[in-house]
Amino acid sequence: MTAFSSDFLRIVHERGFVDACTHTEELDALLSKEVVSAYIGYDCTAPSLHVGSLVSIMLLRWLQKTGHRPFVLMGGGTTRVGDPSGKDEARKLLSDEAIAANMTGIKGVFSKYLTFGDGPTDARMVNNADWLDGLGYIAFLRDYGPHFSINRMLTFDSVRTRLEREHHLSFLEFNYMILQAYDFLELARRDGVRLQMGGADQWGNIVNGVELGRRCDGLSLFGLTVPLITTASGAKMGKSAQGAIWLNEDQLPAYDFWQFWRNTEDADVGRFLRLFTELPLDEIARLEALGGAEINEAKKILAHEATTLAHGEAAALAAAETAKAVFEQGGVGEDLPTVTVDAADLEAGIAVPALFTRAGLTASNGEAKRLIKGGGARLNGAAINDINRMITAADLSGGEIKLSAGKKHHALVKVA
RNA sequence: GGAGGGGUGGUCGAGUGGUUAAAGGCACCGGACUGUAAAUCCGGCGGGGUAACCCUACGUUGGUUCGAAUCCAACCCCCUCCA
């Protein structure tokens, strides 16, 4: 591997953040010489970001830590068009209201990882709707259309796969890459941004921006992509029983976030420690070398570090305490999801399946019944085998009832 | 505008009149084994009901039929070729 003179490139290479880079050596020289502004764009297709975006967020964090300036680009304008990259069929169009609401949710995430402000290395957030919404069609076509070759555009992965699979690709989506390229040019002009980063699936879009900058303004722009992170089993990261692993606490409690990392596969521990924590590499090497059951210690550290970044150390410690109580001592923890029931309801008795569903452990009464039949439901740690069992105040243990669906999903029931 | 092909559950994909809540794969959930891991094996996987059973679902809306995902009509959407 090349020796880098810039801290940023050296660190992100060592830690496994880099998939591809346009002109590594020139970029390294630039980063060594001056404060570089770099950006990553984010879709506004969901109300929060999930761990799939965390690699790129960590990348921005390292950028800032090594003395450069991160820009977070909200795709308020481009989300209205829809990025065809990595999708083999057309996405649904979102309403403007939904996009605005999603943007608000996403903004909150970044403040945990980056320092925003007006200083030279303070992060800034921009919204491409600010310039895209006001574009005039003819003027835009005349100014930038000549720089794009249809022949070339047709060879880009996002376009080619659609064509090969004979899936529909609308003209609207076909324009996406032009708009994203224009974003880069616009940011370069406005704020002197020199580097665009993103996921590996963004390579084509990023390269387009680099080329547009050179053709229009003779700018020397750079692109860098991070690899798509999958688990050692080959699955995309971030899936779980309850759905995506969101970074917003109101979408996913810190305890569940902590549990996600705690349950990392053995084979992923080292890689994840490098990507999702800021522990020194020699420490990670030591943790990674742990064998057998000892690797669980490494997973706890991973969970602690990642949760501390996302939700703060207090939340991480609370999650760890709860996990310890629940898994290592078979008890209950403060941080478990909790539902409250009326005392009157409990006096009258609540059917077990209904209570599991109310606690959010199952999606329907039928699912709860199947869970009970399959032997996966437990009440205060004891297996339930009777579907018809009623839960009453007599089941209260220390003023609460602990329900478990499987070994990893627990909830507390308290009386209102 | 014309011709042909297609739209099935979270997803991929069978299924051309009844025994089809709809094969199979994947994903996901539970159990066993473990280390809150992986792999493997077993079970589950639309909703409601203790149950008999009832409801909802195969692009949409109507129709034929005792009975339709399956046949017919109109409409919507996608693909390919032609103009």
Side-chain angles (χ1 to χ4, degrees), chain A residues 84 86-93 161-173 230-245 255-273 287-288 290-304 307 319-333 335-336 349-354 356-357 359-379 381-390 403-411:
Chain A
K87 300 177 188 66
D88 58 7
E89 56 188 51
R91 71 295 75 94
K92 54 190 179 296
L93 286 176
T161 56
R162 287 276 190 94
L163 295 180
E164 280 174 357
R165 293 187 195 176
E166 300 185 347
H167 282 153
H168 172 70
L169 176 71
S170 70
F171 183 66
L172 176 72
E173 292 173 280
T230 55
T231 69
S233 309
K236 267 189 193 164
M237 251 188 94
K239 287 190 165 184
S240 84
Q242 277 72 34
I245 301 300
Y255 171 72
D256 291 322
F257 189 76
W258 193 93
Q259 277 294 320
F260 168 75
W261 297 104
R262 173 66 247 263
N263 287 315
T264 298
E265 293 176 32
D266 287 8
D268 288 326
V269 170
R271 193 162 51 109
F272 285 6
L273 280 167
L287 292 170
E288 193 176 15
L290 293 174
E294 287 191 335
I295 200 163
N296 283 321
E297 292 311 308
K299 293 184 189 180
K300 285 181 196 170
I301 291 169
L302 171 63
H304 176 78
T307 308
E321 275 307 308
T322 293
K324 190 175 179 186
V326 171
F327 288 101
E328 295 178 20
Q329 293 156 15
V332 297
D335 231 18
L336 288 179
I350 303 172
V352 169
F356 267 79
T357 303
L361 292 173
T362 50
S364 68
N365 289 351
E367 188 180 318
K369 286 176 198 162
R370 281 181 238 118
L371 182 74
I372 295 165
K373 283 179 187 165
R378 272 168 293 131
L379 171 69
I384 303 171
N385 41 33
D386 178 11
I387 293 179
N388 300 317
R389 193 183 188 299
M390 298 299 280
L403 298 180
S404 308
K407 289 174 182 165
K408 298 186 190 175
H409 301 112
H410 309 276

Nearest heavy-atom approach of A:Ala298 to A:Val269 is CB-CG1, 3.8 Å
Residues in side chain to side chain contact (heavy atoms under 4.5 Å, CB included) contact with A:Asn388, at least two apart in sequence or another chain: A:Asp386
Taking A:Thr322 for its side chain and A:Ala319 for its backbone only, find out whether a donor-acceptor pair lies under 3.5 Å. no
Minimum heavy-atom separation for A:Ala368 to A:Phe356, with atom names? CB-CB, 4.1 Å
Pairwise C1' distance, B:rC58 and B:rU16 [rounded to whole Å]: 13 Å
Expressed in whole Å, how much space separates the C1' atoms belonging to B:rC45 and B:rG24? 15 Å
Rounding to an integer number of angstrom, what distance separates B:rG13 and B:rG25 when you compare their P atoms? 16 Å
Can you name the side chain to side chain contact (heavy atoms under 4.5 Å, CB included) partners of A:Ile301, sequence neighbours left out? A:Leu279, A:Leu287, A:Glu305
Using the P atom as the reference point in each nucleotide, state the distance between B:rC76 and B:rA68 in Å, no decimals. 26 Å
Applying side chain to side chain contact (heavy atoms under 4.5 Å, CB included) to A:Ala320 and not counting sequence neighbours gives A:Trp258
Gap in Å between the two C1' atoms, one belonging to B:rA57 and one to B:rA21, rounded: 8 Å
Ring pair (Phe, Tyr, Trp, His ring centres under 6.0 Å) involving A:His410 - partner list, sequence neighbours excluded: A:Phe327
Can you list every pair that meets salt bridge (charged side-chain N to carboxylate O under 4.0 Å, His left out) and has a residue in residues 290-302 of chain A, with sequence neighbours left out? A:Asp266-A:Lys299, A:Glu297-A:Lys300, A:Lys300-A:Glu328
Rounded to the nearest 0.5 Å, what separation is found between the CG atom of A:Leu379 and the CD1 atom of A:Ile384? 4.5 Å
Qualifying side chain to side chain donor-acceptor pair (under 3.5 Å) pairs with a residue from residues 365-379 of chain A, counting only residues at least two apart or across chains: A:Thr357-A:Asn365
Kindly give the atom pairs (protein nitrogen or oxygen, nucleotide nitrogen or oxygen) under 3.5 Å for nucleotides 21-26 of chain B.
none

Across nucleotides 47-52 of chain B, 5' to 3', mark each nucleotide with B, S or - according to how protein heavy atoms within less than 4.0 Å reach it. SSBS--
Partners of A:Asp335 by salt bridge (charged side-chain N to carboxylate O under 4.0 Å, His left out), sequence neighbours excluded? none
Per-nucleotide protein contact string for nucleotides 30-36 of chain B (B base, S sugar-phosphate only, - none; heavy atom under 4.0 Å): SSS-BBB
